[in-house]
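The structure appears right after this line, and notes come after that.
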Number of protein chains: 4
Amino acid sequence: MNKAAQALPNFRSDNVAPVSPEIMRAIEEANRGPAAAYGDDDYSKLLNQRFSTLFETEVTVFPVSTGTAANALSLATCVRPYGAIYCHKEAHIDTAEGGATEAFTGGAKLLTLPGRHFRIEPPILREAVTGAAWGVRNRAQPDAVSITQASEYGTVYPLAEIAEIGEIARDKNLSLHMDGARFANGLVRLGCSPADMTWRAGVDILSFGATKNGTMSADAIVVFDQDLVEPLSYRLRRAGQTASKMRYASAQLLAYIEDRLHLRLAAKANAVAAHLGAGLAALPDVQLVAPVEANLIFAKLPALAINRLAANGLQFARRGDEVIRFVARFDSTEQEADEVIALVRRAVAGSTTVGVTTSATSRQK
Amino acid sequence: MNKAAQALPNFRSDNVAPVSPEIMRAIEEANRGPAAAYGDDDYSKLLNQRFSTLFETEVTVFPVSTGTAANALSLATCVRPYGAIYCHKEAHIDTAEGGATEAFTGGAKLLTLPGRHFRIEPPILREAVTGAAWGVRNRAQPDAVSITQASEYGTVYPLAEIAEIGEIARDKNLSLHMDGARFANGLVRLGCSPADMTWRAGVDILSFGATKNGTMSADAIVVFDQDLVEPLSYRLRRAGQTASKMRYASAQLLAYIEDRLHLRLAAKANAVAAHLGAGLAALPDVQLVAPVEANLIFAKLPALAINRLAANGLQFARRGDEVIRFVARFDSTEQEADEVIALVRRAVAGSTTVGVTTSATSRQK
Amino acid sequence: MNKAAQALPNFRSDNVAPVSPEIMRAIEEANRGPAAAYGDDDYSKLLNQRFSTLFETEVTVFPVSTGTAANALSLATCVRPYGAIYCHKEAHIDTAEGGATEAFTGGAKLLTLPGRHFRIEPPILREAVTGAAWGVRNRAQPDAVSITQASEYGTVYPLAEIAEIGEIARDKNLSLHMDGARFANGLVRLGCSPADMTWRAGVDILSFGATKNGTMSADAIVVFDQDLVEPLSYRLRRAGQTASKMRYASAQLLAYIEDRLHLRLAAKANAVAAHLGAGLAALPDVQLVAPVEANLIFAKLPALAINRLAANGLQFARRGDEVIRFVARFDSTEQEADEVIALVRRAVAGSTTVGVTTSATSRQK
Amino acid sequence: MNKAAQALPNFRSDNVAPVSPEIMRAIEEANRGPAAAYGDDDYSKLLNQRFSTLFETEVTVFPVSTGTAANALSLATCVRPYGAIYCHKEAHIDTAEGGATEAFTGGAKLLTLPGRHFRIEPPILREAVTGAAWGVRNRAQPDAVSITQASEYGTVYPLAEIAEIGEIARDKNLSLHMDGARFANGLVRLGCSPADMTWRAGVDILSFGATKNGTMSADAIVVFDQDLVEPLSYRLRRAGQTASKMRYASAQLLAYIEDRLHLRLAAKANAVAAHLGAGLAALPDVQLVAPVEANLIFAKLPALAINRLAANGLQFARRGDEVIRFVARFDSTEQEADEVIALVRRAVAGSTTVGVTTSATSRQK
């Protein structure tokens with residue numbers, strides 16, 4: 001990577017974020033002498049208590065090292081091998097986790113649904129569930145619904161929509177899983193309590209993302225349906241997801257929710273994204289693909305302009321020829337957003353000239 | 001836990017260790033601004049290079065969050081679903097990983113072998129391999145051998161023994177996996193090079209343990225057989241073992257091998273263990289179950305004495321009624337060892353009196 | 001089932017067929033005294049030879065008890081757990097086998113494609129394959145293509161189309177699987193040799209269906225790519241699909257291909273289907289959903305007429321509210337077809353009157 | 001195979017048996033015109049009723065094509081992926097089914113136990129169950145016990161022993177599975193009712209073997225614990241074990257239990273085995289390895305004698321260098337047994353002379 005490129009603001013992904021200073025301090029504080037392993041340490045013992053307070057109900061929390069593990073193991077605990085999971089057709093569990101859910105469930109099926117703004121629409125879900133081949137032995141049996149909050153495209157389910165999905169699920173005895181890779185970003189958008197956005201709306205199990213918002217490979221599964229706790233605990237161990245030195249992940253997660261740190265970090269990311277989104281939307285030849293409700297911006301612009309931006313060394317992700325993604329982080333700034341807006345303005349203006357070809361940035365990252 | 005108990009030295013496990021100061025500094029240094037995700041950062045890019053230097057051959061390194069993941073995913077890459085893996089009957093992969101290897105291989109069989117000092121004996125392996133039901137369709141087909149260095153009981157395979165096992169494996173086209181949860185402790189004992197203890201002796205893939213010896217949930221898989229690299233890379237992602245913010249694990253692993261830090265840390269643990277082992281062996285009514293060659297001590301003593309030690313709040317692990325395990329760490333001291341020796345002396349001396357009953361400390365930890 | 005209903009012709013499925021007299025005789029002849037088990041009997045030993053003659057190349061044949069086992073185990077042998085299989089969106093492997101392919105592959109993904117006349121269209125496949133996320137670690141990696149000949153809707157791939165699909169597959173190193181549940185019906189339609197319809201067009205492995213066309217739960221996997229033979233043989237045994245008394249299945253399969261019996265039986269079914277299809281197509285308010293090229297007829301008619309037919313006790317399968325399926329068998333007759341045509345004519349004519357509601361006949365059968 | 005060899009009696013396995021004439025007639029009678037598929041035919045509908053009468057309780061019966069499928073799918077329905085199954089160390093599920101149980105359970109562990117006469121001894125089971133690592137997250141959790149009646153060595157559990165095992169299982173909430181590959185042979189030996197040998201003694205699910213005793217690849221799973229019925233029905237379909245033309249298997253199973261046919265056939269086999277066992281035991285240098293209680297005889301004799309018998313073309317199975325197995329079938333005769341006794345007498349008498357080397361008959365068959 002050349003110097004010039006490094007100097008440009010990086011809106012490629014929230015996975016490129018560093019660890020927030022508050023989290024770093026928590027890690028350092030946890031690093032004092034020996035501590036019991038596999039969750040018997042003082043930090044891990046506090047997790048359930050503090051998260052239960054945060055969620056205003058009794059929850060059980062399991063730290064995991066990645067969001068893929070959180071999603072796939074949560075779903076494996078809810079779904080029979082011959083079961084099926086409804087999700088949006090852009091859901092990360094179907095498009096970007098290497099088949100982890102199929103692997104950990106023993107081959108369950110993901111049934112993908114269309115839906116405006118990259119969210120499952122309750123009427124579409126209801127129709128699918130109603131028309132499912134219930135009891136037919138050669139057809140996958142619906143066992144769960146998975147929604148992503150905030151969604152993979154940065155849109156956010158309103159509470160009423162989650163509640164409606166929760167009701168459909170409950171009616172048919174389906175588990176409701178929430179992929180909360182950007183949970184705090186969704187919370188900030190809605191300004192509601194974690195309880196309102198989850199179990200009060202029918203969520204049974206939550207992938208509680210924290211890594212994208214300031215921790216160091218420390219995500220968690222938060223379980224509301226206590227029947228899932230025991231089987232999940234075995235599946236985690238068997239999946240190599242039970243850390244021996246769990247105190248370090250637990251200390252991070254405690255710090256992450258203390259004094260609303262998670263909300264403060266996410267609020268920063270959302271604000272920069274809103275600023276960047278508004279600035280881009282105001283440019284000629286640029287359209288937003290989805291409303292900017294969290295920290296992601298998807299913009300449609302001419303392919304030539306995209307190539308030009310890439311050639312300049314700007315970091316972003318592509319989605320096809322004419323759509324790019326920017327992601328704001330807790331450590332992003334409005335100045336950086338302004339810089340990107342200026343770059344895009346120039347690239348679009350010049351995009352009638354021949355652009356340079358660049359290798360596509362892969363979808364994987 | 002009461003105050004008195006906390007004040008006692010803790011020889012329960014190397015999993016209770018903190019992170020070494022050098023590793024902590026590396027984490028802090030890595031925490032500077034954004035960095036590419038999923039292994040495209042500067043630290044991760046250095047990993048293969050530095051480990052190739054360390055191992056004196058081209059290797060590929062994959063950071064993982066636990067030793068269970070390292071073992072099970074390494075083996076899943078070597079073994080067909082209808083395959084079999086030879087291991088010692090006390091191997092962690094069979095006795096203490098919750099069936100992770102069976103899960104990730106799709107149901108392969110672990111064929112356990114007896115062996116003195118908790119090591120596979122080459123003649124026993126040779127006989128098993130020779131007598132295997134090769135080509136018989138209703139019998140698991142041997143695909144791999146897994147050895148643990150240092151072993152689960154703190155014994156260490158001499159180089160000639162590994163080489164002999166490697167030769168048996170190669171003759172039958174079996175992969176040789178080394179569970180190196182305590183790899184550095186084995187190296188220190190033998191005083192040999194990492195190359196001699198692995199690929200030069202026939203090892204194809206290594207679970208490179210670092211967490212027990214000073215890192216923070218950062219272990220790795222080191223691949224010598226380059227044919228395994230591609231399939232392993234997919235399996236890791238699918239297992240939720242590819243960290244988005246990989247730089248933090250990579251920075252730790254780089255620091256861990258820099259200036260022989262891993263050897264210095266392990267040497268400390270081994271030395272304290274040797275001191276503790278010698279002290280215990282000299283006590284009446286105490287016998288060592290296995291020679292102390294790494295950082296583990298297994299001692300046989302009267303059940304009453306064990307109960308008394310537990311009642312005192314000493315931290316250790318039990319193996320049946322009359323055997324206990326002590327584990328020395330890089331941060332253990334000879335003074336702590338002396339304290340334990342004194343406690344055991346008193347407990348044994350008093351064990352003809354009625355001991356107190358304590359709940360067994362579980363094998364899990 | 002009432003008498004009246006039983007007296008009506010049954011076009012519900014070719015799974016309701018009896019065993020043809022020739023096959024029955026073969027079973028009886030095989031039933032003489034003891035015979036070696038698990039395929040070492042004289043019948044089974046002949047299988048590879050006779051099928052190799054039929055297919056004009058060296059093939060290996062494995063009898064299995066169901067088409068689901070044939071499909072799922074064939075594919076499991078071609079596809080890595082993190083692999084993907086392209087198939088038509090109406091493919092039986094995706095819609096009607098209870099997730100068998102996901103189960104036996106260890107969680108591979110089925111990537112479904114649209115396509116006119118219920119066949120994969122080569123340009124659509126080429127585009128999908130070209131645009132696949134090759135090498136991207138969090139995306140399923142294409143490993144196979146599966147086509148159904150004759151298709152689930154009774155259409156038949158022309159040879160040139162299979163060859164084109166075969167070429168696309170070969171270019172990308174994908175295995176080509178053919179679900180030949182109605183293989184003989186396809187052969188009869190094309191009037192070509194089995195070789196032309198399979199390996200000469202690029203097919204690597206074939207689910208050779210026979211049960212729907214006259215055998216008694218005796219299907220087979222025919223392997224052209226000899227690299228698949230050994231792994232498949234283990235997978236079959238492990239799946240409980242290696243019959244101890246294999247002679248009975250083998251004797252049936254030998255009789256099935258002797259003197260072109262399979263073609264004679266399929267020709268009868270196809271002819272009755274053509275007759276029935278033509279008769280239905282000539283009725284007012286009835287349209288064929290797909291051309292009748294094998295032994296299946298899909299007809300669109302008013303929902304009221306369908307309900308009336310069901311109320312009369314006619315046996316057929318439903319596909320949604322206005323589409324029904326008829327299946328002709330080797331033991332169907334033109335008279336029966338005429339009877340159905342007359343019934344449908346009357347039902348359609350009367351369908352402006354209120355029909356009776358019947359429970360939908362399930363898709364499972 | 002030369003003429004002479006063919007002329008010799010065949011005691012190699014009960015898998016070499018033909019189909020009994022009564023079963024053959026039932027198949028022919030079932031072959032009349034079309035019949036509903038996937039178990040909705042008249043024969044299949046009768047199965048549950050007739051078997052419920054036979055077992056004196058409500059049971060659900062699922063025909064399957066092999067005993068391996070019966071065992072592995074029964075156990076997969078009782079056992080969690082992180083579960084464990086206790087079985088004898090000679091149990092077929094562990095030694096001779098290609099890992100089917102591991103595959104279908106998703107990687108559960110088989111915990112093998114020693115036991116005299118190749119049966120699990122209740123005290124050994126009780127100790128194992130009591131000492132199990134209940135609740136420990138990194139250890140397989142006991143979910144089932146599997147016993148084989150008659151055992152793989154032709155011994156038969158007395159009712160009291162089964163009941164004791166059933167009680168141990170019930171106490172710990174374990175499912176009790178019976179591998180009844182030779183169920184009728186066990187029944188004949190005990191002279192008890194099927195109910196006494198199964199659910200009254202605590203059996204929850206039974207692999208009801210029939211193929212070895214006269215059917216044509218038609219075994220069944222008989223479910224006593226009705227909670228297992230629904231999940232099993234899905235697992236069967238997904239495993240490719242739900243026959244479309246189920247009537248043929250069902251007709252066989254109905255005929256098999258009609259008028260106690262299964263008992264008459266097994267009685268014949270047991271009687272010939274008893275005769276053969278007694279004759280062999282009376283020979284010098286020949287010892288029975290286990291009491292002959294069903295239709296299997298295991299005899300120890302000099303290796304030279306075994307080689308001589310093999311060279312003569314006698315069909316039997318080997319177990320190591322000095323043990324051979326003979327299996328009597330419903331179609332075996334006392335004359336054949338006498339012939340074998342005479343051959344063995346001669347082989348033993350001549351075994352001090354140099355024998356010929358023969359290729360070992362494989363364990364697979």
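Because the structure is a prediction, the values reported are computed rather than measured. Naming convention: chains lettered A, B, ... in sequence-line order (proteins, then strands); numbering from 1 in each chain.
Looking at C:Ala243, the atoms closer than 4.5 Å to chain D (heavy atoms on both sides) sit in the backbone and in the side chain alike. Using a 4.5 Å cut-off between heavy atoms, D:Ala103 touches chain C through backbone and side chain atoms alike. For D:Arg329, the part lying under 4.5 angstrom from a heavy atom of chain C is the side chain only. Residue D:Thr211 touches chain C through both its backbone and its side chain, counting heavy-atom pairs closer than 4.5 Å. Heavy atoms of D:Ile27 lying under 4.5 Å from chain C belong to its backbone as well as its side chain.
Counting heavy-atom pairs closer than 4.5 Å to chain C, the top-ranked of the candidates D:Asn71, D:Val19, D:Thr101, D:Val64 is D:Val19. Counting heavy-atom pairs closer than 4.5 Å to chain D, the top residue among C:Ala69, C:Ala30, C:Gly99, C:Gly67 is C:Gly99. Contact tally against chain C (heavy-atom pairs below 4.5 Å) for D:Ala100, D:Gly98, D:Pro34: the top residue is D:Pro34. The most heavy-atom pairs under 4.5 Å with chain C, out of D:Ala70, D:Ala35, D:Ser244, D:Pro21, come from D:Ala35. Each of D:Asn31, D:Thr68, D:Thr66 has some count of heavy-atom pairs under 4.5 Å with chain C, and the biggest count is that of D:Asn31.
Ring geometry for C:Phe326 against C:Phe11 counts as perpendicular: the plane angle is over 60°, on a 0 to 90° scale with 30° as the lower cut.
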> D:Arg182 and D:Asp14: salt bridge (Lys or Arg N to Asp or Glu O under 4.0 Å), yes or no, with the steps?
Replying inline: CA-CA 10 Å; D:Arg182 297 184 180 91; D:Asp14 29 16; 2.7 Å; yes
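With sequence neighbours left out, D:Tyr82 forms a ring-ring contact (aromatic ring centres under 6.0 Å, His included) with A:Tyr234. Under the salt bridge (Lys or Arg N to Asp or Glu O under 4.0 Å) criterion, C:Lys109 pairs with A:Asp94, A:Glu102, not counting sequence neighbours.
With a 6.0 Å cutoff to the six-membered ring centre and a 45° limit on the axis angle, D:Arg237 counts as a cation-pi contact of D:Tyr38.
A heavy-atom distance below 4.5 Å is not found between the side chains of C:Ile297 and C:Arg325. Within the 4.5 Å cutoff, side-chain heavy atoms of D:Met246 are placed close to those of D:Asp41.
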